[in-house]
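For reference, the structure is listed below as structure tokens.
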Amino acid sequence: MTKERILTGITTTGTPHLGNYVGAIKPAITASHNSDLDSYFFLADYHALIKCHDPMQVRQSTKEIAATWLALGLDTDNSTFYRQSDVPEITELSWILTCMTAKGLMNRAHAYKAAVQANEEDGEDPDNAITMGLFSYPVLMAADILMFNGKKIPVGKDQIQHVEMARDIAQRFNHHFDDLFVLPEAEVSEDVAVLNGLDGRKMSKSYNNTIPLFLTEKQLQKHINKIKTNLLEPGEPKDPDDSTVFQIWQAFATEEQSQYMREQFASGIAWGQAKKELFGLINDEVGPARARYEELMADGAYIEQELQKGAVKARSYASGLLKKVRAAVGIAPILS
Ligand code: TRP
């Protein structure tokens with residue numbers, strides 16, 4: 001039986017937070033240990049350049065994300081963990097796919113359309129500050145996926161359209177040249193929570209409302225204390241389903257623990273107490289990896305070595321497929 005190949009990328013622009021952990025990192029670490037799966041996880045550093053032109057930030061984020069995944073126990077032998085820029089085959093494929101991608105398809109991409117709309121609303125030229133990187137980003141993402149014949153692509157809802165575009169591009173290539181690419185499918189897990197942030201909106205770096213994953217205990221408690229609540233006093237019953245404190249609790253809790261906290265809310269637990277208990281729950285889960293994270297952050301050479309190990313594995317697959325792709329489009333040595 002050939003193993004199912006799952007593949008996903010993480011753009012290296014931010015510091016991993018609890019929302020990333022619950023929604024993407026934790027399921028990926030679990031998948032990395034599953035011997036029925038062939039998982040590819042990569043740091044999408046060329047994607048970072050689309051929205052970030054601060055070299056320090058790209059470097060720091062790349063290191064933090066790699067250290068986070070390793071500290072949490074990613075199995076880098078049973079999976080392939082690499083940095084996009086270490087696999088030049090991907091960017092080479094990206095150009096070949098660019099030449100097979102209709103401009104009209106890219107015009108329809110949500111991220112690009114949202115940027116145009118924002119310009120129009122601000123009375124700016126529609127093209128203001130829009131780079132070709134932003135415009136053609138779905139092609140790079142298609143190359144990320146197709147270069148490894150990734151089949152299942154775990155992503156957030158905002159990325160479904162890009163995976164569908166990758167599928168369109170693959171179909172077009174297969175039809176015109178040769179059946180070289182597996183058609184990918186987005187996998188949006190319904191049972192993983194999308195966490196709310198400090199202000200009650202979705203936890204996201206762009207809203208500046210995140211709780212970073214690896215904080216000192218003191219900082220973690222401080223962040224949790226900042227979660228927005230209402231003015232209900234201790235003793236007054238509170239609605240768990242309208243509370244970010246409960247929402248985050250639930251994402252880390254067992255069934256029983258969720259039930260317990262529901263009862264506490266009903267009987268009027270004080271916000272301060274609920275937050276204290278939330279701190280304990282999160283700290284029990286991430287605390288053990290914290291020391292390992294700090295160790296790794298102080299040992300860049302080790303992180304680099306892990307990434308190079310991944311790059312070798314990734315390239316050994318990519319180079320074989322790219323050779324076929326080049327031949328299919330007519331880029332080949334002159335033999336006679
Ligand atoms: N664009 C994705 C995001 O912003 C990250 C990403 C890059 C990705 N390449 C990918 C995800 C390939 C899945 C497959 O979240």
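Just follow the structure's listing: the first ligand is 1, and inside any ligand the first atom is 1. From a predicted model like this one, the values you see are computed outputs, not experimental measurements.
Within 4.0 Å of ligand 1, protein heavy atoms come from L7, T8, G9, T11, F42, A44, H47, Y137, M141, D144, I145, I153, V155, Q159.
Sorted by first and then second residue, the salt bridge (Lys or Arg N to Asp or Glu O under 4.0 Å) pairs involving residues 57-85 (not counting sequence neighbours) are D77-K309, R83-D86, R83-E304. Applying the salt bridge (Lys or Arg N to Asp or Glu O under 4.0 Å) rule to pairs touching residues 143-164 yields E4-K152, K151-E185, sequence neighbours excluded.
Here the closest heavy-atom approach between residue A67 and residue I303 is recorded as CB-CD1, 3.9 Å.
Between D45 and T62, the side chains place no donor N or O within less than 3.5 Å of an acceptor N or O (distance only, hydrogens not considered). For the residue pair E217 / Q221, no side-chain donor-acceptor distance below 3.5 Å is found, with atom types taken as modelled.
With sequence neighbours excluded, the residues that form a ring pair (Phe, Tyr, Trp, His ring centres under 6.0 Å) with F148 are Y40, Y82.
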